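Have a look at the structure below before the remarks.
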Amino acid sequence: TAWETLEHAGIDPASLRGSDTGVYTGVMYDDYGSRLTKAPDGFEGYLLTGNETSVASGRISYTFGFEGAALTIDTACSSSLVAVHLAAQALRRGECALALAGGGAGLLLLERLSDAERNGHRVLAVIRGTAVNQDGASNGLTAPNGPAQQRVIRQALANAGLTPDQVDAVEAHGTGTALGDPIEAQALLATYGQERPADRPLR
């Protein structure tokens, strides 16, 4: 997936060896590790490196020779988005010039817009701003918290320099649960859904 992502960007993967390219992977669930109580004969030496989530990002950097940060992030359902958040921050701080970010089967190649334009790279989208937070001590470890969701939405908008009416569409978590979905919907209504022109509903 990393190779295809670089090719899609028109970059020869071999040309990035020794660069400060970062790798930020969101990984949750230990599907393989939980099924291997004992390695098959002859594979004991691969059990650890083949199943440690920290190696997921490190293996990509090792394979391509990237020398930027290699981080594996597990924040459950938000792992890939938090990986993108951290990669965008690293780019803004000058910690890397390029960053692969996302999940194990869906990656983005991120670059500062000025660099992408100067290098003639195709720009598919611009990340204006991101934010992360946590519910804190709320109504339950596994239950969403509406006020916390409103806070992170407002922080992301502030970081992006946008007002709610400038956002046209939102992709929600949408677990399909009677508890979580109404809380998330109310947080979206309380933030993006306010003071919108009648002809521009939030999709």
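We're numbering straight along the sequence, starting at 1. This structure is a prediction, so every number in the text was calculated from the model and none was measured.
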As a quick check of understanding, evaluate side-chain contact (heavy atoms from CB on, under 4.5 Å) for Leu6 and Phe64, giving each step before the final call. CA-CA 11 Å; Leu6 294 168; Phe64 292 98; 4.2 Å; yes
Those residues that, when tested against Thr175, pass side-chain hydrogen bond (donor to acceptor under 3.5 Å, both in side chains) (two or more places apart): Thr177, Asp181
Looking at every heavy atom in both [X] and [Y], which two are closest together, and how far apart are they?
{"X": "Gly22", "Y": "Cys96", "result": "N-CB, 4.0 Å"}
{"X": "Leu179", "Y": "Ala143", "result": "CD2-CB, 3.7 Å"}
{"X": "Arg151", "Y": "Asn145", "result": "NH2-OD1, 4.5 Å"}
{"X": "Gly26", "Y": "Ala83", "result": "N-CB, 3.9 Å"}
{"X": "Gly102", "Y": "Leu107", "result": "N-CD2, 3.8 Å"}
{"X": "Leu16", "Y": "Phe66", "result": "CB-CE2, 3.6 Å"}

Quick one: hydrophobic cluster around [X], which other residues, with the 4.5 Å side-chain cut-off, linked directly or via members?
{"X": "Val132", "answer": "Tyr24, Leu71, Ile73, Val82, Leu86"}
{"X": "Val126", "answer": "Leu113, Val123"}
{"X": "Leu108", "answer": "Val84, Leu91, Leu110, Ile127"}
{"X": "Tyr29", "answer": "Met28"}

Could you tell me the separation between the [atom1] atom of [X] and the [atom2] atom of [Y], rounded to the nearest 0.5 Å?
{"X": "Leu202", "Y": "Asp165", "atom1": "CG", "atom2": "CG", "result": "11.0 Å"}
{"X": "Ser79", "Y": "Asp74", "atom1": "OG", "atom2": "CG", "result": "4.5 Å"}
{"X": "Gln186", "Y": "Thr191", "atom1": "CD", "atom2": "OG1", "result": "10.5 Å"}
{"X": "Leu109", "Y": "Thr21", "atom1": "CG", "atom2": "OG1", "result": "7.5 Å"}

Inter- and intrachain pairs under side chain to side chain donor-acceptor pair (under 3.5 Å), touching [range], at least two apart:
{"range": "residues 193-203", "answer": "Asp168-Arg200"}
{"range": "residues 1-14", "answer": "Trp3-Glu7, His8-Arg122"}
{"range": "residues 127-138", "answer": "His85-Thr130"}

Identify whether Leu189 and Ile153 are in the same connected component of the hydrophobic contact network (ILVMFWY, side-chain heavy atoms under 4.5 Å). no
Counterpart residues, side-chain contact (heavy atoms from CB on, under 4.5 Å), relative to [X] (two or more places apart):
{"X": "Gln166", "result": "Leu162, Thr163"}
{"X": "His121", "result": "Ile11, Glu111, Ala116, Asn119"}
{"X": "Val55", "result": "Glu52, Arg59"}
{"X": "Ala88", "result": "Arg92"}

Among side-chain atoms of Gln155 and Asn159, is any donor-acceptor pair under 3.5 angstrom? yes
Consider only side-chain N and O atoms of Ser57 and Thr72, and report whether a donor and an acceptor are under 3.5 Å apart. yes
Under the criterion side-chain hydrogen bond (donor to acceptor under 3.5 Å, both in side chains), I'd like the reasoning laid out for Gln150 against Arg154: C-alpha separation, chi angles, the key distance, then a yes or no. CA-CA 6 Å; Gln150 292 182 42; Arg154 292 190 177 103; 3.3 Å; yes
Close side-chain approach of Pro164 to Leu157, heavy-atom, < 4.5 Å: yes
Side-chain contact, heavy-atom cut-off 4.5 Å: Glu67 with Ser61? no
